[in-house]
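First comes the structure, then the notes that go with it.
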Protein chains: 2
Amino acid sequence: MRNFRKATLADVAARVGVSAITVSRALRMPDKVSPRLREEIARAIDDLGYVPNPAARTLASSRTNVIGVIIPSVTNNVFAEVLLGIYTALESTDYDIQLANSRYSALREESLLKVFLGQKPAGLIVTGIDQSEKSRELLERAACPVVQIMEIDDNPVDLMVGFSHYDAACAATRHLIEQGYRGLGFIGARMDPRSQRRLRGFRDTASGAGLFSESRVITTTAASTVTLGAQLFAELIDRAPDLDAVFCNNDDLALGVMFEAQRRRIPVPAWLGICGFNDLEMMATAEPPITSVRTYRYEMGRHAVNMLVEAIEGSGGESKTIDLGFEIRKRQSSNLVASDLIGKF
Amino acid sequence: MRNFRKATLADVAARVGVSAITVSRALRMPDKVSPRLREEIARAIDDLGYVPNPAARTLASSRTNVIGVIIPSVTNNVFAEVLLGIYTALESTDYDIQLANSRYSALREESLLKVFLGQKPAGLIVTGIDQSEKSRELLERAACPVVQIMEIDDNPVDLMVGFSHYDAACAATRHLIEQGYRGLGFIGARMDPRSQRRLRGFRDTASGAGLFSESRVITTTAASTVTLGAQLFAELIDRAPDLDAVFCNNDDLALGVMFEAQRRRIPVPAWLGICGFNDLEMMATAEPPITSVRTYRYEMGRHAVNMLVEAIEGSGGESKTIDLGFEIRKRQSSNLVASDLIGKF
DNA sequence: ACCCCCTATGACAGCGCTAACATCGAGAAC
DNA sequence: GTTCTCGATGTTAGCGCTGTCATAGGGGGT
């Protein structure tokens, strides 16, 4: 039923009786072609099952419709949701995405960047603001718009969408203090630059209230998991019995802390307050529900794509940096009430 | 420092004083070029910062180095891990991956397939065995190897790697029965074909033991989440008070069930046995740890790529279908002991 | 009636690479 | 010495599309 050779532009053109370039135009700038021809061409394309050859297009125009995306992890829930936003937003455009995984290595990011830039992408989405010097330079020279996602600061390469991890950590810490907790601790895994900034937010806020102690901080560079959260908490509580609340670098850890607390019969929130980060869906359903910092991952992906497409197509004008903010979702895991305090002091 | 125009094959060739094709060969079939030249060419490539143009390569050879991947969801943890396996395995090859998201729609899968095939991919990875008739036909005619992942049956399009969801569900159900549970229930979300087969496994096994009741089955087509697990369990236990164990379609649901059980002070495992599916990392750390069916997601991704590459490069010969199997991870959530039974009867 | 300009279309070259065939020595076989 | 073979390299001709410039025809202004 289908011929061997795939239909080409020329085939379509021949069938309609026009030249190839007219078909090409009908596809790319329909308003440059008369409505009658346009319709005939559309019919021919349909009959022949013509599909444009992207390689030929790219080669001839030295422009691609590929948006390169570099994220540090595909398994991390947080990035998965960002990705979902990216894919969803991309669906209504005719850009393709090329995803690469830096695995939290600035070096790998750099080499990925080189590969991407070699292919003249239409746009680039990179994670965070901590590119290597070389990467930064490459990005600044890139012949396409670039969005940095997840974080914001006042020194963007180009476009930027995210929120302040430092501010978010400050707010979470303040919340724990306001609830009446005094032995504030921090549990962190991975400790990528974003995690570091969260720790700094915690440290500054706790110090400011005279409640910081290095002995109540535990971190590791290992990837964060629920199991790791349980382990770190076990280690921390043995070492620092004055601990009465933990701010966790993310929700996996927080869940692990809660499980371990339950195992040890430590009542949450009475003896131990818990606050996570990202507000994954499960936090609201946990028993008790776990306080967390809501972040807007899906929106981040969507915005990144929209900003990029606007910039590529020149319809820009929107702001170059978008702060998506965050929100402290207060739940039972940090809800220390007066009666709980009685036993404590 | 860098010239405007990017270096091309011809530039490299000129610098070494050979013809372009020799450089091309040095890159693609090094053993067809004398070692001396090979070395000189490598040096020139380095000096010029030459990066091959994949569009030109594709156009000239009418072969791409792109492997198309169609999965139903990017946010689902299970597929994220499969993806990780795919990306990892791909890293040591020079293939690129083109990821698309069918969102559990056979129709969308079909149209994605058409787009992919239009680009003559080097290989294709698709999820499951329930393609639409048209999709199936497209895949069978595809000019490249195809791997179906996640499931196995004896009617593969080409290659296949996965496990039997039916068998896994049977084994899980048998486990609950062996533990002494009698009021077996099933909680399922999404209810894609794989979930359906799990349900069938549950039904057949429970029926076989005379323990099946339709009233203890609850399903929905909504995406599964922890919260949904809690809700479905709440609904089910109200409707079917004789329920004493649930087999959950996946771990998110199982976790939700556990949380809801804790909220209602239903002791697990004494009054309620829980078994999940997939054995996500957190199941072992939950309190109590939750029994689940271990599946090998990461390995699935790796195998899929390896099979594909072998098939593409003709070094095949390996089996066409790989059964990765599964394992029942027995944990406390289903550990009904004799003393628990006393109160029950 | 003249020129100008604008719209719709076409001719041609070339993007950077590779397939296919051609060429050229040099050693092997006789 | 002649022929054959084979490994190393070159020549030629596109792959399918788009950028650029050219062309034809049809108003509108004066």
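Numbered from 1 within each chain, the chains take letters A, B, ... in sequence-line order. Excluded from the calculations below are hydrogen atoms, water molecules and symmetry mates; all remaining heavy atoms, backbone and side chain alike, are included.
When rounded to the nearest whole Å, the span between CZ of Arg38(A) and C1' of dT7(C) equals 13 Å. Rounded to an integer number of Å, the gap from CD of Gln119(A) to C1' of dC17(C) is 15 Å. Residue Arg57(B) contributes atom CZ, which lies 5 Å from atom P of dT18(C) at whole-angstrom precision. Taking atom CG of residue Asn53(A) and atom P of nucleotide dC15(C), one finds them 18 Å apart after rounding to whole Å. At whole-Å resolution of the value, NZ in Lys32(B) and C1' in dA20(C) are 14 Å apart. Atom CG of Asp31(B) and atom P of dC6(D) are 17 Å apart (whole Å). The CD1 atom of Ile41(A) sits 9 Å away from the P atom of dG10(C) (whole-angstrom rounding). Rounded to whole angstrom, the span from the CG atom of Leu59(A) across to the C1' atom of dT18(D) amounts to 10 Å.
The side chain of Ser61(A) places no N or O atom within less than 4.0 Å of a non-bridging phosphate oxygen (OP1 or OP2) of dC17(D). The phosphate of dG16(D) (OP1 or OP2) has no side-chain N or O of Thr8(A) nearer than 4.0 angstrom. Residue Arg63(A) places at least one side-chain N or O closer than 4.0 Å to OP1 or OP2 of dG19(D). In this structure, Ser24(B) reaches the dT18(C) phosphate: one of its side-chain N or O atoms is under 4.0 Å from OP1 or OP2. Here Ser34(B) reaches the OP1 or OP2 of dT9(D): one of its side-chain N or O atoms lies under 4.0 Å away.
Between Tyr50(A) and Gly17(B), it is Gly17(B) whose nearest contact on DNA chain D lies nearer the 5' terminus. Nearest-nucleotide positions on DNA chain D for Thr58(A) and Ser62(B) put Ser62(B) closer to the 5' end.
Panel note: side chain Gln148(A), backbone Val157(A); a donor-acceptor pair is recorded below 3.5 Å. Remark: the backbone N or O of Thr75(B) is paired with a side-chain donor or acceptor of Ser73(B) at under 3.5 angstrom.
The base of dG10(C) lies close enough to the side chain of Arg25(A) for a donor and an acceptor atom to sit less than 3.5 Å apart.
Of the candidate nucleotides dG10(C), dC15(C), dG10(D), dG10(C) has the atom lying nearest to any side-chain atom of Ile21(A). Nearest nucleotide to the Ser19(B) side chain, out of dT18(C), dT9(C), dT11(D): dT11(D). Among dT11(D), dT9(C), dG16(D), the nucleotide with an atom closest to any side-chain atom of Ala56(A) is dG16(D).
Counting non-hydrogen atoms of other residues, nucleotides and ligands closer than 6.0 Å to CD of Glu39(A) gives a total of 12 or fewer.
Note that the CE atom of Met150(B) and the CD1 atom of Ile125(B) stand 12.5 Å from one another [nearest 0.5 Å]. How far OH of Tyr104(B) is from CG of Asp130(B): 12.5 Å, rounded to the nearest 0.5 Å.
Arg28(B) comes within contact range of the sugar-phosphate backbone alone, with a heavy-atom separation under 4.0 Å but no base atom that close.
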